[in-house]
Amino acid sequence: MKPDIQTTDDVKALIDLFYEKVRADTQIGYIFNEVARVDWAHHLPVMYKFWEFLLLGTPDAYRGNPIEKHNELHARHRLKASDFEQWVLLFKASVDELFEGPKAEDAKFRAFAIAETWKPKFDGPFAK
Ligand code: HEM
């Protein structure tokens with residue numbers, strides 16, 4: 001039986017594994033590596049905080065405007081519904097590889113729910 005997500009180290013392990021998969025992914029890896037040229041030393045700690053806030057409820061862990069960041073990215077390179085779907089697939093696979101339990105389920109649901117909310121903003125009849 002795998003442990004559930006409980007500590008900041010757990011969140012860090014999950015996010016590290018997820019972005020390892022993202023960077024190596026044949027469908028969406030290039031968006032991070034070549035289009036956005038992500039500075040991982042900066043981005044990973046931001047993502048630890050974002051997920052700590054969502055999963056562990058650490059107050060004020062993350063301050064930022066993720067929609068704005070993705071709007072900027074989208075303006076340079078169209079984000080497709082299938083990109084979001086692949087993102088969610090990799091996120092779920094990362095959770096399942098390391099954890100199980102209610103928090104693990106919550107993490108997968110939140111990733112899915114946010115991606116589903118964002119998807120039509122970027123790819124759909126009313127997308128800009
Ligand atoms: C196709 C799907 C996605 C792509 C290609 C993508 C790509 C990116 C990139 C390139 C950045 C900017 C990194 C930088 O600072 O240079 C970023 C930031 C971020 N992304 Fe995504 N993303 C995707 C989906 C998501 C989803 C579904 C979530 C949430 C569940 C998410 C959460 C965030 C957050 C919180 C940031 C940090 C914003 C900040 O700096 O405050 N992303 N993403």
Side-chain angles (χ1 to χ4, degrees):
M1 168 121 187
K2 292 171 195 157
D4 203 352
I5 302 167
Q6 281 166 319
T7 66
T8 53
D9 279 351
D10 293 340
V11 172
K12 187 172 179 299
L14 168 63
I15 297 308
D16 284 343
L17 178 62
F18 171 59
Y19 283 104
E20 239 172 69
K21 289 188 193 297
V22 163
R23 292 160 82 161
D25 189 69
T26 51
Q27 188 184 328
I28 61 171
Y30 78 96
I31 306 176
F32 292 81
N33 299 326
E34 283 151 43
V35 178
R37 292 179 176 275
V38 172
D39 172 0
W40 293 101
H42 168 79
H43 186 53
L44 288 175
V46 173
M47 299 313 293
Y48 301 151
K49 293 295 181 193
F50 177 75
W51 284 102
E52 254 177 51
F53 171 67
L54 288 185
L55 298 177
L56 307 178
T58 312
D60 296 332
Y62 170 79
R63 280 175 194 275
N65 188 341
I67 284 280
E68 190 56 42
K69 292 269 174 182
H70 296 84
N71 273 334
E72 286 165 18
L73 179 62
H74 181 69
R76 282 191 284 140
H77 179 85
R78 293 188 59 79
L79 297 175
K80 300 197 295 285
S82 55
D83 297 333
F84 281 95
E85 283 150 19
Q86 182 67 3
W87 188 104
V88 171
L89 204 94
L90 297 177
F91 191 91
K92 287 183 174 176
S94 307
V95 173
D96 287 340
E97 220 170 292
L98 298 177
F99 301 105
E100 62 187 55
K103 283 278 178 197
E105 292 306 311
D106 189 35
K108 288 186 282 181
F109 177 72
R110 278 165 183 267
F112 166 78
I114 298 171
E116 283 296 304
T117 314
W118 289 2
K119 222 161 65 171
K121 292 185 200 294
F122 299 108
D123 189 356
F126 304 107
K128 279 188 246 156

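In this text, all values refer to a predicted model and were calculated from it rather than measured experimentally.
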Practice prompt. Can you see which heavy atom on Ala115 is nearest to which on Val88, and at what distance?
Written response: CB-CG2, 3.3 Å
Worksheet entry | Any residue meeting ring pair (Phe, Tyr, Trp, His ring centres under 6.0 Å) with Tyr48, in chain and number order, not counting sequence neighbours | none
Discussion item. Please check this pair: side chain of Asp4 against backbone of Ala104, looking for a donor-acceptor N/O pair closer than 3.5 Å.
Written reply: yes
Worksheet entry | Separation of Phe122 CZ from Phe84 CZ (nearest 0.5 Å) | 5.0 Å
Response to the item:
For residues 89-114, the side-chain hydrogen bond (donor to acceptor under 3.5 Å, both in side chains) pairs (sequence neighbours left out) are Lys21-Glu97, Asp96-Lys108, Glu105-Lys108, Asp106-Arg110
Worksheet item: Trp87: what forms a ring pair (Phe, Tyr, Trp, His ring centres under 6.0 Å) with it, not counting sequence neighbours?
Response: Phe18, Phe91
List the atom pairs, donor and acceptor, that lie under 3.5 Å between side-chain atoms in residues 50-63 and the rest of the protein, sequence neighbours left out.
| unit_1 | atom_1 | unit_2 | atom_2 | d |
| --- | --- | --- | --- | --- |
| Asp60 | OD1 | Arg63 | NH2 | 3.2 |

Discussion item. Which residues pass the ring pair (Phe, Tyr, Trp, His ring centres under 6.0 Å) test with His70, not counting sequence neighbours?
Written reply: Trp118
Practice prompt. With sequence neighbours excluded, give me every ring pair (Phe, Tyr, Trp, His ring centres under 6.0 Å) pair touching residues 94-117.
Written response: none
Discussion item. I need the Leu17 CG to Glu20 CD distance, nearest 0.5 Å.
Written reply: 5.5 Å
Worksheet item: At what distance, to the nearest 0.5 angstrom, does CG of Asp83 lie from CD1 of Ile31?
Response: 4.0 Å
Worksheet item: Are more than 12 heavy atoms from other residues, nucleotides or ligands located less than 6.0 Å from atom NZ of Lys49?
Response: no
